[in-house]
There are 2 protein chains.
Amino acid sequence: MNEIGLRRRATVHDVARAAGVSLATVDRVLNGRPGVRAATVEKVEAAIAEIGFQRDLSASLLARARDLRVVFIIPDSSNEFMASLADAVTRRAGQALTDRIYIETQRLRALDAGALAKALDGLDARTTDCAVIVGGEEPSVLTAVDSATKRGIVVMTLVSDLPATQRHHFIGVDNVAAGRTAASLLGRFLPQGGKVAVIAGSLHLRDHSERLSGFRATMAAEFPALELIGPSEGHDERSETEAIVADVLARHPDLAGLYNLGAGNAGLVAALDAAPSASALRVIAHELTEPTRRGLRSGVIDVVLDQNPDGEIREAIAAARTLALGGHGALVSDPIEIGIFLRDNLR
Amino acid sequence: MNEIGLRRRATVHDVARAAGVSLATVDRVLNGRPGVRAATVEKVEAAIAEIGFQRDLSASLLARARDLRVVFIIPDSSNEFMASLADAVTRRAGQALTDRIYIETQRLRALDAGALAKALDGLDARTTDCAVIVGGEEPSVLTAVDSATKRGIVVMTLVSDLPATQRHHFIGVDNVAAGRTAASLLGRFLPQGGKVAVIAGSLHLRDHSERLSGFRATMAAEFPALELIGPSEGHDERSETEAIVADVLARHPDLAGLYNLGAGNAGLVAALDAAPSASALRVIAHELTEPTRRGLRSGVIDVVLDQNPDGEIREAIAAARTLALGGHGALVSDPIEIGIFLRDNLR
DNA sequence: CCGTAAATGAGGTACGTGCCTCATGACCTA
DNA sequence: TAGGTCATGAGGCACGTACCTCATTTACGG
């Protein structure tokens, strides 16, 4: 039972020795404090790389006697998906506290770019290590993200990316793949061909347009026998979506498939429930929420594609932990997978 | 920016004060050391519960100057799934080290219950905190699990549960739900009815028989137009599975669907590749491995149901962390979800 | 060559917990 | 009541890092 081969982890002391400097200097380099010549910084960094030093995150948080502070800024709309995201944050917040990670949630009016920008501008780098945001590509938001990053806050985008900014990381699913998957399933569900209606929330939303493009591409390439109807835009609203679905059903009594790539699923389910002969209709929707679960259970929805909000929040927290203190370099994180739910594998 | 409402986390000092005892006594209780009257133990435990004290795992590991040691014992067979499990362990091991979790992997001859029992018996509770095993329900294994648990090692089962033992936790998917899902998809893929062949590895394996029962139940309840053929047993072997598939295809030229709920997918893909008219055949298999990915890409496999080995390992490590020091009480952990993969959402 | 500022070293305390030693007090038994 | 055992308290050192103060060295301009 000897310990040969189990080399002790390198510590700051080892770095100091290897670099031929004092502990204080290593500390200054590690924590980006001033008063070190560029040449010395390089010496220390070389030593760190050479002996493979990795700062002990727990000891670090312990020593500063303060938690890592992560702020989630999430739209506060009637959108059930955003609510489930916020729920997931709340659930994780307790466990995260055990790891000295303090999580705060801010709900903001949906689609209010100004409010999001203002919230970002209000973050103090001394009390906030990381901000995780869900936002659209508005100029004011982009500016605020870059400004927060410059102030030293790690900004991560969730669900919908802002690739034009300096955000450190994006966490979300591949929506083009989600659209392809919906097409692939519907195509297999309808081997005899037929009409398929598509409903979106708003094609100005990046995720919706990505889903649509994936859906269309696969439909065109693999299932030419299916005829696409739409897309119509329901603006993620319950009543609007309900009206659209009812209209489509009335207009096309022979409709074979339906893909709702946006929200407003309560309306979708209501319209399907009211339809007389919807049982032969194959329906795919997005996000596992209360209305879609109900639809799956009752059979009016066949498949729900889900973003897995719990997994997204878990990864966001893990990434925050790594980024905020660990290395400012590459980040390995699990990709978020598209959850596919039928009535039979509902949790 | 004040800190009102952000109460400091409770520490051992708080527990001592609340219980009216000294730090030393709290320490003795927390670490199960002798020399404390039962009445005092209760007092301390009451105080812990009252102020909601949670031991700081990181500080604890730091203080003992040793890592949490977790051993994964995984079958070393030609089974590609076990290989991907082991790969996932290796991938996580590096990151885990940052959190003072030292992970060791042992590969054992598959289906060798004696070897697994011996490996478990060989674990020293002083150097091993947690063992994660994949094993069948053999008497020698059951005994060894209980013995290790008694010695103070946290034992967790992975993929296949041993509910008859004292194992602390099981991590794996709901295989009955997986079987139901396969049936539900095939049923929707084949609205005109037809013959569906089922191939298993061995029905003596708990996961296989669970999948079969879920599959059968949903088929009978929802898709009476489909005729089941089999199951035949391919014993998770490449060549045997290939022969069985070729035989079934020859015997039933009009076969509409195929469900391989076991391993041996290299054989499945080979047989399908060799078949002349397999393009109309809907095929569902298990576990995302090299051969099934190939099958998805080429189109001979329609859907792969996956256990998500990475997620399983992640949860295993998280659970080990919580169980080994945290609370010996209830453990909240994310359920492992069945991954559903088509060509279109392959990562 | 001096004055000054910047760079670096030396060493301390703290974080929350584990583990050790030693002292003190309570209680039991002979 | 003496001698023993057991329960408990008091205190200190350690883990790896952060952050502080104070001294010392080095570099540079005049």
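Owing to the predicted nature of the structure, the values given are computational and were not obtained by experimental measurement. First the proteins, then the strands, lettered A, B, ... as listed; each starts at 1.
- Judged purely by distance below 3.5 Å, without hydrogens or angles, the side chains of A:R314 and A:N308 never pair a donor atom with an acceptor atom.
- Residues from residues 36-44 of chain A that place a heavy atom under 4.0 Å from any atom of DNA chain D: there are none.
- When the side-chain nitrogen and oxygen atoms of B:S60 are compared with OP1 and OP2 of C:dG18, one or more of them lie within a distance under 4.0 Å.
- For B:A119 against B:Q106, the heavy-atom pair with the smallest separation is CB-OE1, 3.8 Å.
- Nucleotide C:dT17 holds its C1' atom 11 Å from the CZ atom of A:R100, rounded to whole Å.
- In this structure, CG of B:D99 is placed 15 Å from C1' of D:dT17, rounded to the nearest angstrom.
- Put simply, B:T25 has no side-chain N or O that comes within less than 4.0 Å of OP1 or OP2 on D:dT8.
- As rounded to whole Å, 9 Å separates atom P of D:dA18 from atom CG of A:L61.
- Residue B:R167 forms a side-chain hydrogen bond (donor to acceptor under 3.5 Å, both in side chains) with just one option from B:D161, B:D146, B:T149, and that option is B:D161.
- For the pair B:A63 and B:S22, nearest-nucleotide mapping onto DNA chain D gives the more 5' position to B:S22.
- A:I313 places a side-chain heavy atom less than 4.5 Å from the side chain of A:L158.
- Contact annotation for A:R66: no contact, since no heavy-atom pair falls under 4.0 Å across all strands.
- Closest approach of B:Q307 and B:V159 over heavy atoms only: NE2-CG1, 3.6 Å.
- Between A:I133 and A:M156 the shortest side-chain heavy-atom distance does not fall below 4.5 Å.
- To the nearest 0.5 angstrom, A:T90 atom OG1 is 12.0 Å from A:R92 atom CZ.
- B:H13 places its NE2 atom 14 Å from the P atom of D:dG9, with the value rounded to the nearest Å.
- Computed from coordinates, the B:L57 CG to D:dG16 C1' distance equals 15 Å when rounded to whole Å.
- Atom CG in B:L62 sits about 8 Å away from atom C1' in C:dT17, given to the nearest Å.
- One distance of note links CG of A:L116 with CD of A:E138; it measures 9.0 Å at 0.5 Å rounding.
- Considering A:R66, A:R321, A:R69 in turn, A:R66 is the only one that fulfils the salt bridge (charged side-chain N to carboxylate O under 4.0 Å, His left out) rule with A:D129.
- Neither OP1 nor OP2 of C:dG16 sits under 4.0 Å from any side-chain N or O of B:T11.
- Atom pair B:L68:CG and C:dG18:P shows a separation of 13 Å (rounding to whole Å applied).
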For nucleotides 19-23 of chain C, give me every protein contact, N/O to N/O, under 3.5 Å, one pair per line with atom names.
| from | atom 1 | to | atom 2 | distance (Å) |
| --- | --- | --- | --- | --- |
| C:dC19 | OP2 | B:R33 | NH1 | 2.9 |

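- If you measure from atom CG of A:D56 to atom C1' of D:dG16, you get 6 Å, rounded to the nearest angstrom.
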